[in-house]
Visitor: 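Structure in structure tokens, see below.
Small disclaimer: the values here were computed from a predicted structure and weren't measured. In what follows, residues are counted from 1 in the order of the sequence shown.
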Amino acid sequence: MRLLTGLSLCALVATATPIPLAAQTLPPLIERARLFGNPSKVQARLSPDGKWISWIAPRDGVLNIWVSPFGDPTNARSLTAEMARPIRSYFWAPDSSQILFVNDKGGDENFLLYSVDPVSGGQRALTPFEKTRVEIVATSDHVPGRILVGLNNRDPRWHDVYSLDLRTGKLSLVLQNNGYAGFIADESLALRIASKEREDGGTDYFHVTGTKVDPCPYVSVGLDDGLTTGPAGFTTDGKTLYWTDSRNRDTAALFAQDVTTGKMTLIASDPRADIGGVMADPETGSIQAYSIDYLKDEWTAIDPTIGADLDWLRVQLKGEPIVTSRTRADDRWIVAVDPVVAPSASYLFDRKARTLTRLFVSRPELEGAPLAAMHPEEIRSRDGLTLVSYLTLPKEADVDGNGKADHPVPMVLLVHGGPWARDDYGYDGEHQWLANRGYAVLSVNYRGSTGFGKRFTSAGNLQWGTRMQDDLLDAVDWAVGQGVTTREKVAIMGGSYGGYATLAGLAFTPTAFTCGVDIVGPSNLQTLLKTIPPYWEAGRQQFYKRMGDPTTEAGRKLLVERSPLNSADKIVRPLLIGQGANDPRVNKAESDQIVTAMAAKNIPVTYVLFPDEGHGFARPENNIAFNGIAENFLETCLGGRAEPIGDTLKASTAQVPHGADFAAGLSKALSAR
């Protein structure tokens, strides 16, 4: 039940009028390219032997891998020469002889594995197959010459496990997979555990001996624990198996299991949130520290030496250190810090000498920019759940920076995807962009989000478009009640599930939002479930149990009711849609369908399509172009500020199949290409 004080506050401010932006002292406009263009450098890594430092940085406008000798970071060179798709992640081979990375084509998510030699720069395709998605099953510092990979080129639904010789590139079959969701190997790269989805949406775990999987599970986990319970890896000697485990409790705790006796020993837990990340000794594999991410991510050390290092770093960095890389000898770390109101920076930490050397700032072009603070909030839902949320206010609406609005401003409700994911505290380019344009920005961890225990996640089961949507509406009520915004000046925006929530908000509650921006959001839950990628087969029952089961009459009815497409004729507020043509998760047809339905009823909608993108926009040229369209669209419906679209479409592949005239400045920008 909603608190009476909240209702009375809503009544007090419901008729307040946002102060016109022109009447305020406004910070300078931050150009889109500074926020969404390529970062200067990111993802610093030390090679395991400590001889190299690597990172991702642009080469000819595309993110590639760079490397330098450890003692001479100014002597850097690019190792890769990708010309279209940016490289977004990579890792070192255990023996430091190669850097490995995955990439796809045009966003199709058929990721292949490549290696590059840090000395010669020679590059190889290690999985040169068509229509194949590689998965990294296991790597080990104690088996330097090979890794385990999963390949679905035999059956697109299942990943067979192969041993990959990193020197020769030879692939040797370890286990043919006929129905297992995944595998856990020990530090000798021997498969030890296989997992398989249950009919109830839970998971069974099986012992693996050699290449044979035991027929009977030794651990069974039901649906409620399915996203919060599972093995987390072995110690190097193979005698201890770590688990995150929510069985017989709510939040996922960290346990150590004696492999011989099966005894489980509790290491850490927190009633507020699940165990998040862990730090493990590079040599022994023993866990040394763990994190809990409730309002903010906080690390607690088990090993006192690690604890002393983290405490020292907190003082030096004036923030929570993020350890991103460690040498095999564990004498040097790379640590990052996220000030939120400044771009993140990466440092080299010498543990023995206790020295800290700054390597780089990710986006130096944002140093000194008027970035806004993010404030964690606990919002109460109408039925008593706590919704951990994050509010960013325009600097002109929170002059003293206390997180309380000085006066109401237009607001964008920014909804995360998943939905089995979460929003976190930290620098967020979208929050900064929208706040700089004059909007309050609110991100809500609605029921179904992960990280806050199994009861909170399971509260979202079968609640797409209903109670999950109610949480978002309750958050808007809270913002109105707090004087952050007014009810008639709220937009909803998001990608993937956030795009679905946008469509649901406009279709099911037609006047609750002023306008909406949907990015790769599903409009029809029935067709969504029919077209999920084949490699998601292992999670199909979980989709059915948490969304609606299309194999039953009741499930089909629910999916029809919760599909915004079937209420598209009720939409009365402006809508902007962005879609990648190659999206394997949310098929292009999801956007096509609702645009066609709205156009048939002469309901205005603008549709932007990118032929070289998938589930989201990886190429910065496309991201900048879409955000340029979006901020001019938002300016029209909310009254904030906007940088003109200008010529940003020229560098992008954006197509507008429908509704260019409904978005401010879009037709002009298209004609100028």
Side-chain angles (χ1 to χ4, degrees), residues 135-140 142-143 148-150 157-163 173-269 274-275 278 280 284-287 290 420 450 453-454 457-458 536-542 544-546:
E135 291 183 350
I136 307 302
V137 175
T139 67
S140 172
H142 303 275
V143 185
L148 298 182
V149 299
R157 298 172 300 170
W158 312 112
H159 283 76
D160 298 330
V161 180
Y162 287 84
S163 175
L173 181 65
V174 174
L175 189 148
Q176 182 171 299
N177 180 6
N178 293 309
Y180 295 97
F183 300 90
I184 300 289
D186 62 21
E187 285 298 305
S188 68
L189 295 187
L191 295 180
R192 298 279 294 274
I193 300 172
S195 63
K196 178 182 285 188
E197 187 179 50
R198 293 157 50 100
E199 286 298 316
D200 65 358
T203 305
D204 285 335
Y205 293 95
F206 302 81
H207 285 301
V208 181
T209 305
T211 60
K212 296 194 180 296
V213 181
D214 286 359
C216 297
Y218 78 101
V219 171
S220 293
V221 175
L223 175 68
D224 284 351
D225 292 297
L227 294 176
T228 43
T229 298
F234 290 89
T235 52
T236 301
D237 60 15
K239 295 180 179 179
T240 300
L241 173 62
Y242 292 109
W243 289 79
T244 53
D245 197 330
S246 64
R247 289 172 294 175
N248 303 312
R249 59 179 60 238
D250 180 27
T251 56
L254 181 62
F255 285 87
Q257 182 180 37
D258 184 300
V259 171
T260 301
T261 66
K263 181 182 177 182
M264 301 279 280
T265 301
L266 176 66
I267 297 175
S269 66
D274 301 327
I275 294 291
V278 298
T284 68
S286 297
I287 289 180
Y290 63 90
W420 306 293
T450 53
K454 65 186 182 188
T457 300
S458 295
W536 281 8
E537 183 64 30
R540 184 178 293 276
Q541 289 303 319
Q542 184 131 185
Y544 289 0
K545 298 300 185 290
R546 295 191 188 273

Visitor: Would you say that Thr240 contacts Gln257 through its side chain, given a criterion of any heavy-atom pair below 4.5 Å between the two side chains?
Guide: no
Visitor: Relative to the ring of Trp243, is the ring of Tyr218 parallel (under 30°), tilted (30 to 60°) or perpendicular (over 60°)?
Guide: perpendicular
Visitor: Among Thr139, Leu191, Leu175, Ile136, which residue satisfies the side-chain contact (heavy atoms from CB on, under 4.5 Å) criterion with Leu148?
Guide: Leu191
Visitor: Can a donor-acceptor pair be found, under 3.5 Å and without considering hydrogens, that links the side chain of Asn177 to the backbone of His159?
Guide: yes
Visitor: Using modelled atom types only, decide if a donor and an acceptor are shared between the side chain of Asp258 and the backbone of Thr260 within a distance under 3.5 Å.
Guide: yes
Visitor: Indicate yes or no for a side-chain donor-acceptor contact from Gln541 to the backbone of Asp200 under 3.5 Å, with no hydrogens or angles considered.
Guide: no
Visitor: Assess, by modelled atom type and distance only, whether the side chains of Thr236 and Thr284 contain a donor and an acceptor separated by less than 3.5 Å.
Guide: no
Visitor: Looking only at heavy atoms, what is the nearest atom pair of Thr244 and Ala252, with distance?
Guide: CB-CB, 4.4 Å
Visitor: Determine, step by step, whether His207 and Cys216 satisfy the side chain to side chain contact (heavy atoms under 4.5 Å, CB included) criterion, reporting the C-alpha distance in whole Å, the side-chain angles of both residues, the deciding distance to 0.1 Å, and the verdict.
Guide: CA-CA 8 Å; His207 285 301; Cys216 297; over 6 Å; no
Visitor: Out of curiosity, Ser140 OG to Phe234 CZ, how far, rounded to the nearest 0.5 Å?
Guide: 12.5 Å
Visitor: Does the side chain of Gln542 come within less than 4.5 Å of Trp420's, by heavy atoms?
Guide: no
Visitor: Do you know the tightest heavy-atom contact between Gly150 and Val137?
Guide: N-CG2, 3.5 Å
Visitor: If we ignore hydrogens and angles and just use 3.5 Å, is the side chain of Lys545 paired with the main-chain N or O of Glu199 as donor and acceptor?
Guide: yes
Visitor: Can any side-chain N or O of Asp274 pair as donor or acceptor with the backbone N or O of Thr251 at less than 3.5 Å?
Guide: no
Visitor: So does Ala181 get a backbone contact from the side chain of Glu197, meaning a donor-acceptor N/O pair under 3.5 Å?
Guide: no
Visitor: Measuring from atom OH of Tyr290 to atom CD1 of Ile275, what distance do you get when rounded to the nearest 0.5 angstrom?
Guide: 6.0 Å
Visitor: Does the side chain of Glu537 come within less than 4.5 Å of Trp158's, by heavy atoms?
Guide: yes
Visitor: Is there a side-chain contact between Val259 and Lys239 in this structure, where contact means two heavy atoms from C-beta onward sitting under 4.5 Å apart?
Guide: no
Visitor: Ignoring hydrogens and geometry, is there a side-chain-to-backbone donor-acceptor pair from Lys454 to Thr228 under 3.5 Å?
Guide: no
Visitor: Does any N or O in the side chain of Thr235 come within less than 3.5 Å of the main-chain N or O of Gly285, such that one atom is a donor and the other an acceptor?
Guide: no
Visitor: Looking at Ala194 and Val213, what are the two nearest heavy atoms and their distance?
Guide: CB-CG1, 4.1 Å
Visitor: Write down the atom of Leu189, the atom of Ala138, and the distance for their closest heavy-atom approach.
Guide: CD2-CB, 3.8 Å
Visitor: I want to check something: taking the side chain as every heavy atom from C-beta on, are Leu241 and Ile193 in contact at a cut-off of under 4.5 Å?
Guide: yes
Visitor: Roughly how far apart are Leu227 CG and Ser458 OG, rounded to 0.5 Å?
Guide: 7.5 Å
Visitor: Of all the heavy-atom pairs spanning Ala268 and Leu266, show the shortest one and how long it is.
Guide: O-CD1, 3.7 Å
Visitor: Pro217 versus Tyr205: any side-chain heavy-atom pair under 4.5 Å?
Guide: no
Visitor: To the nearest 0.5 Å, how far apart are OH in Tyr242 and CD1 in Ile184?
Guide: 14.5 Å
Visitor: Roughly how far apart are Leu223 CG and Arg198 CZ, rounded to 0.5 Å?
Guide: 9.5 Å
Visitor: Could you tell me the separation between the OG atom of Ser286 and the CG atom of Asp237, rounded to the nearest 0.5 Å?
Guide: 7.5 Å
Visitor: Which atom pair, heavy atoms only, marks the closest approach of Ser269 to Ala253?
Guide: CB-CB, 3.5 Å
Visitor: Ion pair present between Asp225 and Arg247, side-chain N to carboxylate O less than 4.0 angstrom?
Guide: no
